[in-house]
Amino acid sequence: MQESKCVCVSYEQVKFEIQQQLKRTALIPVLGSGFTRGCTSQGGKVPSGDDYKDYMIDQIIKKRGYDDSKKSNYENKQFSEISTIYHAIIPKQQQRIYLRNNFTKVELSSDKKNFLDIDWPYVYTLNIDDAIEKNSRYTTVVYSNRELWDEIFVNEKCTIKLHGHIDDILVYEDSKCEIFDLPQYVQSLNDNRVLLDKLKHDYEFLNLIYIGCSLSNEIDLLSIASKAAINGNRYYCTDTQPDEDSLLMLAVYGITHCVIFDSYDAIYTELVASAEEAEKIGKSDLDKYKTFEFTKLQDGFDTNKAYLFHGKTLIDKERRVFLPSFFISREITDKLAKNIKSKGTQILVGSGCSGKTYVTIDLARRIVDRDVFVFQSRERINDDAFSELLLRENCLIITDSKALSVQQIEDIIRSDLERVNRQNSFVIVENKSNRDLISLLSLLKMTDVVKKHELIPDELKNKLTVEKSKELNQKLVKSSFGIFSERKSISDNIIDISTRLVQTNKFDRIVPKMQTVKEVACLIVLATMEKVYSKDVVILNLEEEFILQKREAFPLIEDEGTWNFEISIGNNSPMKYVVNAEFWLYNQLDGLARTKLGRERIIDAYRYIVQKIIEHYGKPDLKRGERNAPYKEYILFDNINQIFATQGNVLIRGIYETLNDLLSTDPNYLHQRAKCYIRSSYITSDFDKKKQWLIQAQRDASSSHKIFEERYIESKNEKAQISTAHALYTLALTLCHLAKLTNYNDMKLNESAIENLYLALSSPYNSMEFIKKDKAYNYDNVIEETIATFVANPSLIPSEKAKMNVAELMKIQIEENLD
């Protein structure tokens, strides 16, 4: 643990900062034996830690027949040592009688009940008694030695019992709940990875306030689970001035402030008053997201290069917007702006480098007759803030889809008409490679929530029109950047210009740390997610690595505080790390992949990330599973391929292969690996290799489809049906590629291709329109070529059923063209 000091302060000195922490739900109470000491219980009064220790020593002396002269030997031992001896030699029935009398049916005073009325995210306690859960809303007990689902903290108010729970101890003969000695405590944490990660996160990133905790008997056990604080304070509450030795030990245990109150009762009354005051402080954080100051930058290479070459964010921490001198409006912005008054929901889709952010900012600066909120992908809107946004009047909310949950997006769509009446309009910005939102729309259209021709997403092309290229080039040349070609994508143009203009600048000299697997894992997380919250940093065990990367790569990688609307009980992260230059990071990782050692490190880093997520959330289940698994973004082929754009598929196949033993039961993983094999087949000219990759793609797609189909049969979940349809399309695609590869000479293969293609396109979740746009996997337009080939030469598919399927496919094509 790093060296630190503990300062003595009065409550008045820290009162304001504690109020701010209460407002942000970034303060967690840790309640020790002093919280309930002396409270009335079923057959007596609750003992403190010292009282319990004295009782155990008396029982040990009596049991062993010692006289009082031996007592001093035991008094010098730690509580945990005494507990170990006591539990080893005292009969269990005798132990239970004492526990029942002194730790059950505990009654709390009104000031302590008021303290528990504060809306804490949850409560840690070192006590085994039932006082908290019987006298407050924190009724759900979380045991330290039992595996748990961390979703419980979202749905319930929890009391986290770090030393065990009296009910379990008294009810179950084989109870292993009671945790008083050091071995028990260490084992309990090792057995419960979710809770250990939560405890580590709170200890390192949040603020803890210790009340009723003894210095040596309780805080020492708690502190062994964690490192020094990275971002928070730890307050030790007392009514007694500590001596120098006690202050030193508080520092050793990570306490930053020893807070002196006038009395012990004042601890509760002061904190209750602060909680009430905290509700009145400041405006909603949401309001900060509608305050924008737009600044147009002057012409000049140095002034604008970071925005062009490194994708520097347009919005800074103070919510100021800087528009580079080459900023232009896109045609699609006109359409979005025109429809704001008549449409409650609009969806803008585009690829990773199509200019979605620039359209967002352009739209925000144009709308002046209503409040405009802008949420980027690095932010997240919690349910309370989201509910407030839905009810606002005369406003426009422009949000990246990553800032919303799938359920929130569905709520936006369902509330479309009523929001139009309040002039409340949403523009949702979605990455083109993510089909989740489009699939949700298909589902809502199937159930008539959305009409067939309503809510058609607007697509932002990743190439500029001739007119817009001309407008942009007139601005670029003024700053000595050269020109864009309308024949190339935006990303290709950026790479081309930066290659030709060999310029040194401070960003060129910024190189992140990539010497270890964990350092590379940090960068992959940022490249994939764009931001990572402190909760996830702890789950991935990358605290030190993120600090290092921020130091090495600032300002392209930096940390930010989270706003209130991002925070929830399930994720109370007070901070996050963000990347401010995505393509710079892609290029850094892509460069690492050019060496054999670098590729090995990248492959190991992906395995490390997925393994840590599985350690926390559990392995995927073959028959059941969440479609949006926590590791999902890391296994999407399009995400990986976007980062490693120049390295082909050798690296990506290596990534998938190293994950096989971890994820082989996840149909999403199998589906993504199938896509990888399809692309591998595309880029090789070797016939045998091409066939090998397609056969492997067929196997993975077939397995993925079958698992999804079984999940749907078992759950009747329509979203599982969507996944089934997508996997079936990929399976049909591989069969069409294989049929073409064999010049359509294998009639059995031909019939299988047609049968699966017909079944795939019979699903409302697949369409010929999507197939035509799917150039990445449906390369050479193989599906339409396959259909056309069988229409021209029916003898290639002799069975009548297959011929009927071809006829139906032709009908689907015609209907799609008519639409």
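Atoms considered below: every heavy atom in the structure, side chains included; atoms not considered: hydrogens, waters and symmetry mates.
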Determine whether a donor-acceptor pair (N or O, by modelled atom type, separation under 3.5 Å) exists between the side chain of [X] and the backbone of [Y].
X: Gln549; Y: Glu519; value: yes
X: Glu379; Y: Gln376; value: yes
X: Asn541; Y: Val537; value: no
X: Asp130; Y: Ile166; value: no
X: Ser573; Y: Lys535; value: yes
X: Trp120; Y: Phe115; value: yes
X: Lys53; Y: Glu75; value: yes
X: Gln42; Y: Asn102; value: no
X: Asn135; Y: Val106; value: yes

Any donor-acceptor pair under 3.5 Å linking the side-chain atoms of [Y] with those of [X]?
X: Thr256; Y: Tyr236; value: no
X: Asp371; Y: Tyr289; value: no
X: Ser377; Y: Glu530; value: yes
X: Ser109; Y: Asp111; value: yes
X: Asp51; Y: Ser48; value: yes
X: Tyr235; Y: Gln21; value: yes
X: Asn73; Y: Tyr66; value: no
X: Gln95; Y: Gln59; value: no
X: Asn207; Y: Glu17; value: no

Heavy atoms of other groups near Asp262 CG, more than 12 under 6.0 Å =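 12 or below, so no.
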Tell me, do Lys161 and Ile128 make a side-chain contact under 4.5 Å, heavy atoms counted?
->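 Not in contact.
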Nearest 0.5 Å, please: how far is [atom2] in [Y] from [atom1] in [X]?
X: Thr125; Y: His165; atom1: OG1; atom2: NE2; answer: 11.0 Å
X: Leu286; Y: Arg392; atom1: CG; atom2: CZ; answer: 6.0 Å
X: Ser136; Y: Leu108; atom1: OG; atom2: CG; answer: 8.0 Å
X: Ser41; Y: Asp129; atom1: OG; atom2: CG; answer: 9.0 Å

Kindly confirm or rule out a cation-pi arrangement of [X] over [Y], judged by NZ or CZ under 6.0 Å from the six-membered ring centre and within 45° of its axis?
X: Arg380; Y: Tyr533; value: yes
X: Arg234; Y: Tyr210; value: no
X: Lys550; Y: Tyr577; value: no
X: Lys157; Y: Tyr122; value: no

May I ask you to decide whether Arg137 forms a salt bridge with Asp117, counting only side-chain N to carboxylate O separations under 4.0 Å?
->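 Here Arg137 does not pair with Asp117 in a salt bridge, since their nearest N and O are not under 4.0 Å apart.
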Between Lys134 and Glu107, is there a side-chain N and carboxylate O pair less than 4.0 Å apart?
->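 Salt bridge between Lys134 and Glu107, a charged N being under 4.0 Å from a carboxylate O: no.
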What's the verdict on ring pair (Phe, Tyr, Trp, His ring centres under 6.0 Å) for Tyr138 and Tyr124, showing C-alpha distance, side-chain angles and the deciding distance?
-> CA-CA 10 Å; Tyr138 302 92; Tyr124 285 111; over 10 Å; no
Is the Tyr264 to Phe35 ring centre distance short of 6.0 Å?
->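 Judged by ring-centre distance (under 6.0 Å), Tyr264 and Phe35 do not meet the cut-off.
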